[in-house]
Every structure is written in structure tokens, then in C-alpha cells.
S.K.: 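Quick one: this structure, given as C-alpha cells, is what I'll be asking you about.
In this text, all values refer to a predicted model and were calculated from it rather than measured experimentally.
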Amino acid sequence: ILETVDVDSVVADFPVGFSFLNTVDRQFVAYYNKERSLTVASRKISDQYWTYQVLPSKVGWDSHNRIVMNIDANNCLHLSGNMHNDTLVYFKTERPFDIQSFKRILPMVNLKDELSCTYPSFIKNRQGALIFTYRKGGSGNGINLNNIYDESTGSFRRLTDQPLFDGLGQMSAYARGPRLGPDGFFHVIWFWRDTPSCETNHDLSYARSPDLVNWETADGGTITLPI
């Protein structure tokens, strides 16, 4: 350990995922403070002090309500979290690196698909474009949607016309990934769950993609979306 810098005091009565982001010369942390408010702290790496921005969202006691954050090509921050079958919570800064300029945006793409959201995630494709993924619906009847950020319009649109996963009202997919591997493919594994009860998990599965749009099996067979 070369250096330790205190950020803030936080609640510790339930585990929930925070987000830490590094750029060349800056650091950002998104977390719930001791008042349970969604908060972002930022600093230049050369500084010992942080600046803070408290956002209008408070967490209860739900470990599903993780926070995710990423940065686009224009150095604007994107943040989502505090959702467990809830209306989309999504903030974006209006100015590069400026956490004081966070603004909540709703809808992101289509309001009817953003009224029951869980498991948000930000990833980037091979060209560096920002992609936002989340589950619409609940355990046993959810679908997984992917949106891509368009730098020219400053807004998201659907990455694909169809969801990545769709359990057809009978089940939902619990996935890890997609993650870019050293082979140039994005890899995703998942199992299906029939109800909110974890004992109904079944069928561990795998798919890969060169671009997050076209998907195939491990032996190169074409997969038509939705899976």
C-alpha cells in the first residue's frame, strides 16, 4: 500500500456494491453515505481532499441496490443504481468531470421498459462506446436490455432490437458479463431461474460475441436474439 486517503463514513449494516473509477489524473467514488444518500466524491490524484455531491436518492437495506459508474468519450460521468424492481435511477454530468453537474435523466430510451429495473451495469464495446445493461422485470419473468450511448446526440438508444435474454415469462437469466476476453470476443455465462427462489436455478449456459450485437455458441453456431 503506497497511500491511504479517507473518503467518507458509510453505513455498514448490509453489503452493497459501490463504484470506484480512475482516469489519468482523477478518481471518483460513488457510494451511500452515513445518511444512506447516494453520493459521489471526486479528487485529482495529486490532491488529498475530496469534493462531494449528494444525489436525490436514498437506499434502504437491500444488497441488490448496487451502484455502477463509467465515463464516456467526452469525459462526462454516467451513474446508475439504487434499484430493485424500481423505476430507472440514472444520472449524467452535463460537464466533463464535474460531479456538481449531475442531472437525473428519465427516460433513458423508453419509459415503459424502465419502470422495473435491477442489476444495472456499464461496459464498453471494442470501439470504446458506452453500453448500459439492466434487467427489466423480476425473477422468473425478466428480460435483459442493452442500450448504447450515441456521442453525436448525447443520448442512449437500443443496441439491438431484441433483448439479449428473454425467459418468455417462464424464467429469467442471471448473467455474469459480457466481458471482453484476450481473444477479442465478449463472453457471457448465465443460468436460468424460474422463480425468485434460488433453488429454481438451472442450465448453466455460455455465449460469445465479437461486437455485443451478433452472438454465437462456443463452437461458432449462430444465435438469434433474444436468447
Side-chain angles (χ1 to χ4, degrees), residues 1-84 86-106 108 117-134 147-156 176-180 182:
I1 297 175
L2 300 180
E3 183 183 34
T4 300
V5 180
D6 289 341
V7 179
D8 203 347
S9 297
V10 303
V11 294
D13 53 356
F14 70 104
V16 62
F18 294 163
S19 183
F20 177 73
L21 179 65
N22 262 326
T23 66
V24 173
D25 63 347
R26 299 171 188 260
Q27 293 180 327
F28 302 89
V29 187
Y31 60 96
Y32 300 110
N33 68 13
K34 62 184 179 182
E35 307 298 332
R36 299 182 177 274
S37 294
L38 181 57
T39 306
V40 182
S42 71
R43 71 164 184 147
K44 290 186 177 179
I45 294 176
S46 58
D47 296 336
Q48 291 292 308
Y49 64 89
W50 298 84
T51 58
Y52 301 88
Q53 179 63 33
V54 178
L55 301 176
S57 183
K58 299 191 75 167
V59 72
W61 290 266
D62 193 335
S63 294
H64 291 82
N65 292 32
R66 70 190 184 199
I67 305 167
V68 294
M69 181 172 55
N70 214 314
I71 194 166
D72 63 30
N74 295 321
N75 294 320
C76 288
L77 295 163
H78 299 250
L79 183 151
S80 183
N82 201 15
M83 300 176 297
H84 188 191
D86 293 310
T87 299
L88 177 68
V89 178
Y90 163 63
F91 296 89
K92 175 182 174 292
T93 61
E94 296 183 306
R95 295 181 294 274
F97 299 125
D98 184 2
I99 64 173
Q100 309 299 322
S101 70
F102 266 116
K103 179 181 179 181
R104 185 172 180 179
I105 297 175
L106 184 73
M108 176 185 279
C117 302
T118 314
Y119 303 126
S121 181
F122 287 109
I123 58 175
K124 291 188 176 181
N125 65 13
R126 293 171 66 180
Q127 291 72 44
L130 190 63
I131 294 171
F132 178 69
T133 76
Y134 67 99
N147 301 331
I148 185 168
Y149 187 69
D150 188 330
E151 303 287 350
S152 64
T153 64
S155 61
F156 279 91
R176 290 292 180 268
R179 294 179 182 173
L180 183 61

S.K.: Look only at the side chain of N125 and the backbone of Q127, and say whether a donor-acceptor pair between them is shorter than 3.5 Å.
M.R.: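 Such a contact is found between N125 side chain and Q127 backbone.
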S.K.: Using modelled atom types only, decide if a donor and an acceptor are shared between the side chain of R66 and the backbone of G81 within a distance under 3.5 Å.
M.R.: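 Side chain of R66 to backbone of G81, a donor-acceptor pair under 3.5 Å: no, none is there.
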S.K.: Is there side-chain contact between R43 and V5, with heavy atoms separated by less than 4.5 Å?
M.R.: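 With C-beta onward as the side chain, the pair touches.
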S.K.: With a 4.5 Å heavy-atom cut-off, do W61 and R36 have their side chains touching?
M.R.: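 With C-beta onward as the side chain, the pair touches.
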S.K.: Could you tell me which non-hydrogen atom of G60 sits nearest to which non-hydrogen atom of F14, and how far apart they are?
M.R.: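 Nearest pair, atom of G60 first, then F14: O-CE2, 3.4 Å.
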S.K.: Return the minimal non-hydrogen interatomic distance between T93 and D98, and the atom names on each side.
M.R.: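 So the minimum-distance heavy-atom pair works out to CG2-O, 3.3 Å.
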S.K.: May I ask you to test the F97-F28 pair for a side-chain heavy-atom distance under 4.5 Å?
M.R.: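 Yes, their side chains come closer than 4.5 Å.
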S.K.: State, to 0.1 Å, how close R104 and T87 come at their nearest heavy-atom pair, and which atoms those are.
M.R.: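 Between these two residues, the closest heavy atoms are NH2-O, 4.1 Å.
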S.K.: If I take atom SG from residue C76 and atom CD1 from residue I71, how far apart are they, to the nearest 0.5 angstrom?
M.R.: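 That separation rounds to 8.0 Å.
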S.K.: Show the nearest heavy-atom pair for residues V89 and S57, with the distance to one decimal.
M.R.: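 The answer is CG1-OG, 4.2 Å.
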S.K.: Looking at OH of Y149 and CZ of F122, how far apart are the two atoms once the value is rounded to the nearest 0.5 Å?
M.R.: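 Reported value, rounded in 0.5 Å steps: 10.5 Å.
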S.K.: Between atom CE of M83 and atom CG of L88, what is the distance when rounded to the nearest 0.5 Å?
M.R.: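 Here the interatomic distance stands at 5.5 Å.
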S.K.: Does atom CG (D6) have a neighbourhood of more than 12 heavy atoms from anything else shown, all under 6.0 Å?
M.R.: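 Check fails, neighbour count at 12 or below.
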S.K.: Counting N and O atoms only, with roles assigned by atom type, does the side chain of S121 sit under 3.5 Å from a partner on the main chain of T133, one being a donor and the other an acceptor?
M.R.: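 Absent.
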S.K.: Would the distance check show the side chain of D62 and the main-chain N or O of H64 forming a donor-acceptor pair, the cut-off being under 3.5 Å?
M.R.: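 Checking the backbone N and O of H64 against the side chain of D62, a donor-acceptor pair under 3.5 Å is found.
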S.K.: Q53: which residues meet the side chain to side chain contact (heavy atoms under 4.5 Å, CB included) condition with it, sequence neighbours left out?
M.R.: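 Partners of Q53 by the side chain to side chain contact (heavy atoms under 4.5 Å, CB included) criterion, ordered by chain and then number, come out as L55, I99, Q100.
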S.K.: Report the residue from L38, N82, T118 that forms a side chain to side chain contact (heavy atoms under 4.5 Å, CB included) with N65.
M.R.: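 That would be N82; it is the only one of L38, N82, T118 passing the side chain to side chain contact (heavy atoms under 4.5 Å, CB included) with N65.
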S.K.: Answer whether the closest heavy-atom distance between the side chains of Y52 and N33 falls below 4.5 Å.
M.R.: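 No; the side chains remain at least 4.5 Å from each other.
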S.K.: Of the non-hydrogen atoms in H78 and K92, which two are nearest, and what is the gap between them?
M.R.: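 Heavy atoms of H78 and K92 come nearest at CE1-CD, 3.6 Å.
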S.K.: What verdict does the side chain to side chain contact (heavy atoms under 4.5 Å, CB included) test give for L79 and V40, after you've listed the backbone C-alpha separation in whole Å, the side-chain angles of each residue and the deciding distance to 0.1 Å?
M.R.: CA-CA 9 Å; L79 183 151; V40 182; 3.5 Å; yes
S.K.: Can any side-chain N or O of T39 pair as donor or acceptor with the backbone N or O of S37 at less than 3.5 Å?
M.R.: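 Flag set: sc T39 to bb S37 pair under 3.5 Å.
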S.K.: What are the two closest heavy atoms between L130 and F156, and how far apart are they?
M.R.: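 Distance-wise, the nearest heavy atoms are O-CE2, 3.9 Å.
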S.K.: Drop me the distance from N22's CG to I45's CD1, to the nearest 0.5 angstrom.
M.R.: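 Going from the CG atom of N22 to the CD1 atom of I45 covers 5.0 Å.
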S.K.: Once salt bridge (Lys or Arg N to Asp or Glu O under 4.0 Å) is applied, do any residues pair with D25, and if so which ones, sequence neighbours excluded?
M.R.: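 Expected list: none.
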S.K.: Which distance, rounded to the nearest 0.5 Å, do you find between the CZ of F91 and the OG of S80?
M.R.: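 Atom-to-atom, F91:CZ and S80:OG are 9.0 Å apart.
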S.K.: Kindly compute the distance separating OH (Y119) from OH (Y134), expressed to the nearest 0.5 Å.
M.R.: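 Y119 OH to Y134 OH: 15.5 Å, rounded to 0.5 Å.
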S.K.: Any sub-3.5 Å donor-acceptor pair from Y32's side-chain atoms to I67's backbone N or O?
M.R.: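 Checking the backbone N and O of I67 against the side chain of Y32, no donor-acceptor pair under 3.5 Å is found.
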